[in-house]
Chemist: 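Just dropping this structure here.
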Protein chains: 2
Amino acid sequence: MNDRSAQRLAMLQEALTSGGTLHVRDAAELCGVSEMTIRRDVTTQPSAISLLGGRLVMANYPGVTPVYDLTEQQASHYQIKHRLCQRVVSFIEEGDTLFIDCGSTLIPLLSQLSHFRELTVVTYALNVANAVATLSNVRLVLLGGLFYASSQSFGSDGMRAAIERLGINKALISAAGVDCERGVSCFHFHEVAPKQAAIATAMQRLLIVDASKFGLVRPAYFAALSDFDIVVTDDEHAPELLDCLPKASLSVTVA
Amino acid sequence: MNDRSAQRLAMLQEALTSGGTLHVRDAAELCGVSEMTIRRDVTTQPSAISLLGGRLVMANYPGVTPVYDLTEQQASHYQIKHRLCQRVVSFIEEGDTLFIDCGSTLIPLLSQLSHFRELTVVTYALNVANAVATLSNVRLVLLGGLFYASSQSFGSDGMRAAIERLGINKALISAAGVDCERGVSCFHFHEVAPKQAAIATAMQRLLIVDASKFGLVRPAYFAALSDFDIVVTDDEHAPELLDCLPKASLSVTVA
DNA sequence: GCGTTAATGTTAAAATTATAACATTCAGTG
DNA sequence: CACTGAATGTTATAATTTTAACATTAACGC
């Protein structure tokens, strides 16, 4: 609420921009005030910095740990997505060029890619790129464009063409809705072009969806279920649900 | 060093993948062991998880706070860069389309962009994109391509053309070396094309360099000093150093 | 200058977290 | 089955962090 307080916060924020933590003790010295003042600065007004065990850390800073606790529900969600991704890993082979879709479903996959010797990942999602950027064994190709915050991904005119020019091996696609008759859909229209392009060029197409997505139809339709070679899901009833499919070659894997 | 210990770590790691923190108390419950065991798991062996004020946080996870303390030196560097960026802000106008270069110099600028009503930022750097992605008032255009970890930025064939197609207002360029006679240079060759393209299309060209860069020549030359309209630096002697320039229109600002 | 109020500083107590030492459990062996 | 050693649990203690109450300082208007 104070002018100087705001200034200090800005200063600390910048000190923390590139990650790392700062002890309140050091922050106090840096700003030339007492620890208590630093605490108050950070506590009494909403800011990007939070206090964790005596250290300042960026709360919501780009690509930095948001400091909030996991709810039990969230933790269980991770469990599901993790299991799905474990299954997906088994389809990946050394040297593959993977297209990885946006969303949260495939995030747990990325830490598991470090076990390979050499891979290439193509994506149009910022969070995927961030995760892959830390892996020294994975070549990262990010398809840029205008950023859409809602899906943490990029979109551009040339994306379809850019994807089709790449030698993508396997397309790992996620979705917000899967319906036997109405096909596979997502929320955002700018995701349609990259998803379709990846499906068109990839040699193998995997759809990864957790059970909650079945029977749902979302605004942006992008593929038929028969466009996929493999469906990875945690739904025990998925095989029956997908029975409606004519294409016999579709393989369903329940994680 | 234990089988079960490793398993627990993996489990916790996954719970933390998408950011967030986990209290040792909760982690203990989640794993069905005592807090002490969790502490030992995390402490006694090298792992991606670290313990911060009673909570588990990912240490080096993609886009997540690495948990180490800032050195005093680092902190003072931020001070300098922050001051430079404060000066740069004064050149920015409402509605501008800014090209923002890669590197650490311009990072402190980004948090100050939130004061504007509406801006567009064009960049080819991942860390810049991450910072801008959190600002709702800034349109972000990321130029993608193959990722270069050394500079946290992307490079591609089409980048030069892509940049020249954009209506960039002001180019904010950083450099690793500035020399009167040998011009302005950087470390990585893939940065040359985007920098040059931005300089070519922008209406106003700013070079932002701290004092330590003067007199240095780096492998990749990309511009002459006379290509810039404004030089923002913290070196008091900069005006003299830049005296060698023939072009009178070059404006030097000492932060 | 004086009074008023907001901002900051100081201190001591409370709460929390970390550490160390020792107790217990468990798996594997002879 | 007892022995062994690693792994885990328990407890008490030490260190640290947080909070709250109050003291001090600085800023501002009259």
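Bear in mind that the values here come from a model prediction, so they are computed numbers and not experimental data.
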Chemist: Using whole Å, what does the distance between atom P of nucleotide C:dA15 and atom CG of A:L51 come to?
Modeler: 19 Å
Chemist: So does A:R39 get a side-chain nitrogen or oxygen closer than 4.0 Å to the phosphate oxygens (OP1/OP2) of D:dT18?
Modeler: yes
Chemist: From the options A:L172, A:D229, A:I92, A:I173, select the one residue that forms a side chain to side chain contact (heavy atoms under 4.5 Å, CB included) with A:L206.
Modeler: A:L172
Chemist: In sequence, state the C-alpha distance, the side-chain angles, and the governing distance for B:L12 and B:I38, and then conclude on side-chain contact (heavy atoms from CB on, under 4.5 Å).
Modeler: CA-CA 10 Å; B:L12 295 171; B:I38 298 290; 4.1 Å; yes
Chemist: Report yes if the distance between the aromatic ring centroids of B:F154 and B:F147 is under 6.0 Å, otherwise no.
Modeler: yes
Chemist: May I ask you to verify if any side-chain N or O of A:H23 is less than 4.0 angstrom from the OP1 or OP2 atom of D:dT16?
Modeler: no
Chemist: Write down the protein N/O and nucleotide N/O pairs, taken from nucleotides 10-13 of chain D, whose separation is under 3.5 Å; answer none if there are no such pairs.
Modeler:
none

Chemist: Separation of A:R8 atom CZ from C:dA7 atom P, in whole Å?
Modeler: 10 Å
Chemist: Take atom CD of B:E29 and atom C1' of D:dG9, then tell me their distance rounded to the nearest Å.
Modeler: 17 Å
Chemist: Between atom CD1 in A:I38 and atom P in D:dT17, what is the gap in whole Å?
Modeler: 15 Å
Chemist: Do the non-hydrogen side-chain atoms of A:K213 and A:T105 ever get within less than 4.5 Å of each other?
Modeler: yes
Chemist: Would B:D101 and B:L106 count as a side-chain contact (heavy atoms from CB on, under 4.5 Å) here? Give the steps.
Modeler: CA-CA 7 Å; B:D101 209 348; B:L106 293 167; 4.1 Å; yes
Chemist: About how many Å separate CG of B:N169 and CG of B:D96, when rounded to the nearest 0.5 Å?
Modeler: 4.0 Å
Chemist: Please report, rounded to the nearest Å, how far the C1' atom of D:dT18 is from the CZ atom of A:R55.
Modeler: 16 Å
Chemist: So, OP1 or OP2 of C:dT17: does either fall under 4.0 Å of a side-chain N or O from B:R25?
Modeler: yes
